[in-house]
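Data first, discussion second: the structure below is written as structure tokens.
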There are 2 protein chains.
Amino acid sequence: MSIQPPRPRGPSLNALRAFEASARLGGFTAAAEELNVTPGAVAQQIKNLEDWLGEPLFQRTSQGVRLTALGEATAGRFSDAFDQLGEAVGHLRARASTAQISVAALPSLAQCWLMPRLPALRRALPDLVISVTALEKPPNLIREAFDVSLFFSEAAPGADEIRIAEDRIYPVCAPEVAASVSSVDDLTQVPCLRDGHWQADWQVWLRRAMPDRPIAVTGPQYSLYSMALDAARSGGGVLMGHDSLVAPLIERGELVRLFDLTVPTGRWLTLRTTRPVHPALKRFIDLLAS
Amino acid sequence: MSIQPPRPRGPSLNALRAFEASARLGGFTAAAEELNVTPGAVAQQIKNLEDWLGEPLFQRTSQGVRLTALGEATAGRFSDAFDQLGEAVGHLRARASTAQISVAALPSLAQCWLMPRLPALRRALPDLVISVTALEKPPNLIREAFDVSLFFSEAAPGADEIRIAEDRIYPVCAPEVAASVSSVDDLTQVPCLRDGHWQADWQVWLRRAMPDRPIAVTGPQYSLYSMALDAARSGGGVLMGHDSLVAPLIERGELVRLFDLTVPTGRWLTLRTTRPVHPALKRFIDLLAS
DNA sequence: AAATCGGCATAGAAAATCTATGGTGAAGTG
DNA sequence: CACTTCACCATAGATTTTCTATGCCGATTT
């Protein structure tokens, strides 16, 4: 008979992950979002870890948290370790023959760019299960179980990134609305539709259209670009169109361009992938980027 | 309002750890021991991981498990990642000012070697909380929350190991028993106490004492060396004494040596530590090794 | 002054994880 | 040849961990 008493328990792996994410992202709330839990859950995990350690890792202030010296000194090691773990999981998935791909995309891109392409993709890759998740902000592909992300990015493309198209904007509206807008000044007389996340679009375009005489436009705001797009299609006003998203509608005659001024926003529609890329994913990406 | 749907869930960290341990130790049972859970729990974790992956990682045979090609190809990455994670936790503990030390030791060493030294150690390091866990086999110091381990080892000492003493054996008994044993042959007439884990001790010693004429001794067996030692002290028979464990009792006259033959077992009492070593631990080790 | 943004604490709910149990086939043992 | 042992499986129920929900606080912004 052998002695089998309780061994000293280490910290929970989830607590370590919560610490790492909070340290890297600079707050419990951001970490909670990445980990897909509530901020309270992260706060608790970190408290557990601090209790186990007997020492605080974050210094709480009323407007957020800051790493203590101890936290600062060790956070990097945890990030490295979890990077490596994420990479190992990536290899596992890449070598497994499971034909599963999950895409993270900006809601507008998911709906207006990806969805129209999905039927053809599914037809070309019938053995592939493709799932799409709409996210406001690009996920950390090393940590989360996404294979591909599709967002607008200003940065120069990295090694695992492909620039698909430049983001260019111009006003668009339904054909029957176009008649009532003959000059830029007329825009003040019609509803100028806006997307909540791209509030600045109109200003960006107007600054170029009327550099000397600033004008202000107003109109309803939609939380999703696709909703604003629907509104524009049904004659609800003028929308600041993003070329990648409205071009097919213009081609089909559902929308028409107003004026000829196209303004680049300085961002690019960027597809980012995890490494390593398994064969099915490679084919998927090649089709998307072509 | 933003879209916050379920993100694709990755595998649980605990499942990954169970996989890593099982792959490294070559079985669910061994992994369960290290992780301090039942084998069934490990089997379930691994099944979860395989279900998530859609592919088996182990090939089950009736006498154990073997890694599949996929498991073989990725297990190493997970070991590296968890090594790094363990190291990060080690740094965390090392920099924290918590004066907590936990020692893993062979039951016999814990009771007969460490316990007698503990009072002095606690007196010398009063601000240190020292806990001791008896284990049959040395724990993996990178993975588990031990600071120091104390076992007999045949291998040449590594970088984080200190050889404290050579393991040498010789028969001992209570003074009143010594009178009835004047030659090695007399050993067949008295109970020869044995420890369950050191069954071979008598054979090792007798092979040297009587190289030409092998004799067999018999006697009760105890699961713990300290029990056999108590039996010997109270006159229950002759015990094969390990020098490090019985020397103090001989000095105090509670036991006497029989014959003059001391046989080295080829093993060494070895103290192993984690790196990095924090200051309190350093002082502890220095005291133990001196 | 009100709204917003992190963060905290707590209780109860949900989910993950573990144990316990009985069963299998293969290998070793008397 | 039966008998034991060993490692693993499956399942159900218990336990522990983790999460959500809620109300609260203090600082910044409007």
Side-chain angles (χ1 to χ4, degrees), chain A residues 1-2 4-52 56-68 71 136-137 145 196 199, chain B residues 1-2 4-52 56-68 71 136-137 145 196 199:
Chain A
M1 193 159 73
S2 70
Q4 194 71 4
R7 304 186 172 199
R9 300 174 46 74
S12 101
L13 294 178
N14 289 330
L16 297 177
R17 176 161 60 179
F19 165 59
E20 191 275 335
S22 299
R24 174 165 41 85
L25 302 171
F28 296 172
T29 307
E33 200 172 324
E34 172 169 306
L35 300 175
N36 217 11
V37 295
T38 56
V42 174
Q44 264 176 94
Q45 293 281 28
I46 294 196
K47 196 161 145 1
N48 287 348
L49 181 57
E50 290 174 329
D51 287 350
W52 173 80
L57 290 164
F58 286 98
Q59 177 189 331
R60 275 76 166 177
T61 75
S62 56
Q63 70 267 29
V65 292
R66 216 179 27 229
L67 283 166
T68 60
E136 300 298 339
K137 282 183 287 189
Q199 303 255 13
Chain B
M1 204 175 46
S2 70
Q4 194 72 8
R7 305 187 172 200
R9 299 172 51 73
S12 100
L13 294 178
N14 289 330
L16 296 177
R17 175 162 58 180
F19 166 60
E20 190 277 334
S22 301
R24 173 164 43 84
L25 301 172
F28 296 172
T29 308
E33 200 172 320
E34 172 169 306
L35 299 174
N36 217 11
V37 296
T38 56
V42 173
Q44 265 177 95
Q45 292 283 26
I46 293 195
K47 195 163 145 1
N48 287 347
L49 182 57
E50 290 175 329
D51 288 349
W52 173 81
L57 290 164
F58 286 97
Q59 178 190 330
R60 275 76 166 178
T61 76
S62 56
Q63 70 265 33
V65 292
R66 216 181 26 233
L67 283 166
T68 60
E136 299 298 340
K137 281 183 288 189
Q199 303 255 14

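Numbers restart at 1 for each chain; the letters A, B, ... are given by sequence-line order, proteins then strands.
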Would you say that [X] contacts [Y] through its side chain, given a criterion of any heavy-atom pair below 4.5 Å between the two side chains?
{"X": "A:K47", "Y": "A:D51", "result": "yes"}
{"X": "B:V65", "Y": "B:Q59", "result": "no"}
{"X": "B:P11", "Y": "B:N48", "result": "no"}

Between [X] ([atom1]) and [N] ([atom2]), how many Å, whole number?
{"X": "B:R17", "N": "C:dC18", "atom1": "CZ", "atom2": "C1'", "result": "14 Å"}
{"X": "B:L57", "N": "D:dC8", "atom1": "CG", "atom2": "P", "result": "15 Å"}
{"X": "B:E33", "N": "D:dA7", "atom1": "CD", "atom2": "P", "result": "10 Å"}
{"X": "A:R66", "N": "C:dG7", "atom1": "CZ", "atom2": "P", "result": "13 Å"}
{"X": "A:Q59", "N": "C:dG6", "atom1": "CD", "atom2": "P", "result": "17 Å"}
{"X": "A:I46", "N": "C:dC8", "atom1": "CD1", "atom2": "P", "result": "9 Å"}
{"X": "A:F58", "N": "C:dG7", "atom1": "CZ", "atom2": "C1'", "result": "12 Å"}

Checklist entry - Between C:dG7 and A:T29, is there an OP1 or OP2 to side-chain N/O distance shorter than 4.0 Å? => result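 True: A:T29 side-chain N/O within range (under 4.0 Å) of C:dG7 OP1/OP2.
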Checklist entry - Taking OP1 and OP2 of D:dA7, is either one under 4.0 Å from a side-chain nitrogen or oxygen of B:R60? => result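 Result: no.
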[X]: which residues meet the side chain to side chain contact (heavy atoms under 4.5 Å, CB included) condition with it, sequence neighbours left out?
{"X": "B:A145", "answer": "A:P8"}
{"X": "B:P39", "answer": "B:T29, B:A32"}
{"X": "A:S12", "answer": "A:N14, A:A15, A:Q45"}

Item to check | Distance (rounded to the nearest 0.5 Å) between B:S22 OG and B:L49 CG | outcome: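 Rounded to the nearest 0.5 Å, the OG-CG separation comes to 10.0 Å.
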Item to check | side-chain hydrogen bond (donor to acceptor under 3.5 Å, both in side chains) involving B:K137 - partner list, sequence neighbours excluded | outcome: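 B:K137 satisfies side-chain hydrogen bond (donor to acceptor under 3.5 Å, both in side chains) with no other residue.
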Next on the checklist: Taking side-chain hydrogen bond (donor to acceptor under 3.5 Å, both in side chains) as the definition, give me every residue that meets it alongside A:R60, ordered by chain and number, with sequence neighbours left out.
Outcome noted: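 For A:R60 the side-chain hydrogen bond (donor to acceptor under 3.5 Å, both in side chains) partners, ignoring immediate neighbours, are A:E50.
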Checklist entry - Could you give all pairs that pass the salt bridge (charged side-chain N to carboxylate O under 4.0 Å, His left out) test and reach residues 18-30 of chain B, with sequence neighbours left out? => result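 Qualifying pairs: B:E20-B:R24, B:E20-B:R143, B:R24-B:E34.
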Item to check | Selection residues 10-35 of chain A - residue pairs positive for ring-ring contact (aromatic ring centres under 6.0 Å, His included), sequence neighbours left out | outcome: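 Listed once each, the pairs are A:F19-A:F58, A:F19-A:F78, A:F28-A:F58.
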Item to check | Terminal helix-axis angle for the helix from C:dA1-D:dT30 to C:dG30-D:dC1, with five pairs defining each axis and rounding to 10 degrees | outcome: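 That helix gives 20° between its end axes.
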Tabulate protein N/O versus nucleotide N/O from nucleotides 28-30 of chain D, keeping only pairs under 3.5 Å, one per line.
unit_1: D:dT28; atom_1: OP1; unit_2: A:Q63; atom_2: NE2; d: 3.4

Checklist outcome for this item: Going 5' to 3' through nucleotides 12-25 of chain D and flagging B where a protein heavy-atom sits under 4.0 Å of the base, S where only the sugar-phosphate is that close, and - otherwise, we get -----SSBB-----
